[in-house]
Amino acid sequence: MRINVEYSTQHWIFPIITIGILVILGALLTLEGRARIKAGKGFFVKPGRFFVEHYDKFKFWGTIALMVVYFFLLDKLGFTFWSIICLFLFNTLFANKAQLKNPRYHISLIISVVACLIISVVFGTAFAITLPSGLLTIEIPSLGFILY
């Protein structure tokens, strides 16, 4: 069996595989829930608690919201630029008040920039793996360089 993949869209292979696995797991959970209903229990009844009693709701739901926004805007803004912003926002979300007030906290922005640039260059140029490109993609064909 041979699968033909276009170079410009090959970065979508793993998300499609991941979505497929999630659909299968969702179907299994639905079947398990239906079995619970037949046994006279509730659909979502499960022993124990899913969340720790006093979990940080702001960090949890902030992470979920930021991930959703990240995936929706990734193709529009490009991998490198949008990942730098989101990585810095994740760092800010999980920092405590003392860390945010510390003047050295701006190192977090430097780490975000350096990490995302290294990932973009290594994957995009060294391994020739396409990353989502967007408005801020920089391409230098004569050097074979693309900063997604």
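These figures come from a predicted structure and were not determined experimentally.
By the 4.5 Å heavy-atom criterion applied to side chains, S83 and I119 are not counted as neighbours. The shortest side-chain heavy-atom distance between F88 and V113 does not fall under the 4.5 Å cut-off. Within the 4.5 Å cutoff, the side chain of I111 has heavy atoms near those of the I107 side chain.
Formation of a donor-acceptor pair under 3.5 Å by the Y70 side chain with backbone atoms of W82 is not found in this model. In terms of modelled atom types and a separation under 3.5 Å, the side chain of S120 and the main chain of C116 share no donor-acceptor contact.
Taking hydrophobic clusters as Ile, Leu, Val, Met, Phe, Trp and Tyr residues chained together by side-chain heavy-atom distances below 4.5 Å, F81 shares a cluster with F79. Cluster membership check: L22 does not share its hydrophobic cluster with L29, using side-chain heavy-atom separations under 4.5 Å among Ile, Leu, Val, Met, Phe, Trp and Tyr. V68 and L74 fall into different hydrophobic clusters, where Ile, Leu, Val, Met, Phe, Trp and Tyr residues are linked whenever their side-chain heavy atoms come under 4.5 Å apart, directly or through other members. Criterion: ILVMFWY side-chain heavy atoms under 4.5 Å apart, direct or through other members. Under it, L25 and I19 are not part of a common hydrophobic cluster. Hydrophobic clustering places I118 together with F123 (ILVMFWY residues linked when any side-chain heavy atoms are closer than 4.5 Å, directly or through intermediates).
For the atom pair F72 CZ and L77 CG, the distance stands at 14.0 Å (nearest 0.5 Å). Here CZ of R104 is found 10.5 Å from CD1 of I110. Values are rounded to the nearest 0.5 Å. For the atom pair L89 CG and I84 CD1, the distance stands at 12.0 Å (nearest 0.5 Å). Rounding to the nearest 0.5 Å places CG of L135 at 10.0 Å from NZ of K76. In this structure, CG in N91 is found 11.0 Å from SG in C86, a value given to the nearest 0.5 Å. In this structure, T18 OG1 and F14 CZ are separated by 8.5 Å, a value rounded to the nearest 0.5 Å.
The two residues F94 and Q99 come nearest to each other via the heavy atoms O-OE1, 4.3 Å. Across A115 and L87, no two heavy atoms sit closer than the pair CB-CD2, 4.3 Å.
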